[in-house]
Amino acid sequence: MPDSLLTNIPGTRDILPEEISSWHLAEEFARKVFACYGFQEIRPPLMEATDLFARGIGGETDIVGKEMYTFLDQSGKSVSLRPEATASVVRAYIQHSMNRTAGITRLYYIGPMFRHEKKQKGRWRQFYQIGAEALGSDHPAVEAEVIEMMLFFLDSLEVKSRLLINSVGDGNCRPRYVAKLRGELNRRQAELCEECRRRTETNPLRVLDCKVPGCQPVISELPAIADHLCEECAQHFAKVRACLQQAGIAYEIVPRLVRGLDYYVKTAFEIVSGDLGAQNALVGGGRYDGLAELLGGPRVPGFGFAMGLDRLVMVLPEHIRAKAAKPPDILLAYLGDAAFRKALELARSLRHKGFACHLEFTAGSLKSQMRLAGRIGARNVLLMGENEIAAGRYILKQMRDSSQAEVRLEDLEDCLRKQNGNS
Ligand code: HAM
């Protein structure tokens, strides 16, 4: 049966008006907090040359190998919808010569990413990330500052989480470790799942991330990269930990933490939330000092993270969601043609002064308008009948406690403003 034209593509979804206030709140908080740390927004395009991701993220990763939405455009060029934005940000940084400015360049982005992943709770094929990248410094304090910013953001939304960190080494020490890992995995092929047997050759580090229960006994006995770091990586990791401690940031070292993107060197981290279920990673990030060179640019050390916005919204506490909701300030309930005309005029005037005002064009009885006010969560209802218009006095009903007061239209704005001030 052909897919219905009236159903969205699997793995995508509509974010509906009743959910959107939580998204706005998270985005607003991110913009505020990130600005305090000197981050500026960048909006790279949603599509890029496929090679940017293939080279940047790594041809052997699941993201590039299996999950990208790739197509030839009209000119025959291979283009991909972005599965992540770090490669794009680094490309933009080099293309626009941002490295000419002295010091660190701090950039953030908010927007959709695309990965054709297996469907699962908390996993979409179009999902949203809030990400930040600090470019131009390999100082370990960068890690602490960026992580502190992100945790401050999560704290301000009262989201509980745990910070897991590791060092994944660099081009100097990792090849030796990977060779050792591959040797060990080759010895124990019979105990591994098919995917891990394949990864033994293509990308042995990813075996550490396998979730298949049968592989866990082997994984728990594999050598840890933390024990194979070169002097420089070990020192960098020690300094990062010291900076985190100095900033009062609690962390757990997870020696088998690896990430699904190949550009990481040295620090890698994740933030997990117990409220998310199997897909518990809320944030992933790390250092990628070699990425710019890999793309054909100069050496640009970088560190950053991306947070799954869909997942963040899932774990927002109920009272924070409630705070985010922006119900109409007032519903104008009217009876009769003259009242309708008056209500239209009043609605225009209130809206132009910044109040969210609702009125129906075919309104029905006052009772049904009151019911509607309840359904849409209007904070007040103004009752407007022929008598009220004649007397110039109206009943203003506060929906929260059903209290009511008589008001003149000249005083209405003040009343609403006071309420907004009090809430
Ligand atoms: P990532 O770990 O692939 O890293 O993704 C970061 C976060 O995006 C994840 O922790 C998760 O919350 C969310 N996410 C990923 N895939 C999905 C999905 N299919 N559905 C819902 N949410 C998802 C990166 O993307 C790197 N670019 C992060 C980074 C920035 N590293 C350095 N700078």
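Counting starts at 1 for both ligands and their atoms, following the listed order.
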Quick one: salt bridge (Lys or Arg N to Asp or Glu O under 4.0 Å) partners of E67, sequence neighbours excluded? none
Results of salt bridge (Lys or Arg N to Asp or Glu O under 4.0 Å) for R82 - residues two or more places apart only: none
For a quick check: using heavy atoms under 4.0 Å, what are the residues in contact with ligand 1, sorted by chain and number? E84, T86, Y109, R115, E117, G122, R123, W124, F127, Q129, E133, R259, L261, Y263, Y264, A281, L282, V283, G284, G285, G286, Y288, G304, F305, A306, G308, R311
With rounding to the nearest 0.5 Å, note down the distance linking CG in N99 to OH in Y93. 4.5 Å
Check for a donor-acceptor pair, side chain of D138 on one end and backbone N or O of P301 on the other, with a separation under 3.5 Å. no
Per the salt bridge (charged side-chain N to carboxylate O under 4.0 Å, His left out) rule, what does the pair list look like for residues 144-166, sequence neighbours excluded? R106-E145, R162-E252
Flag side-chain contact, heavy atom, 4.5 Å: D310 against W23: yes
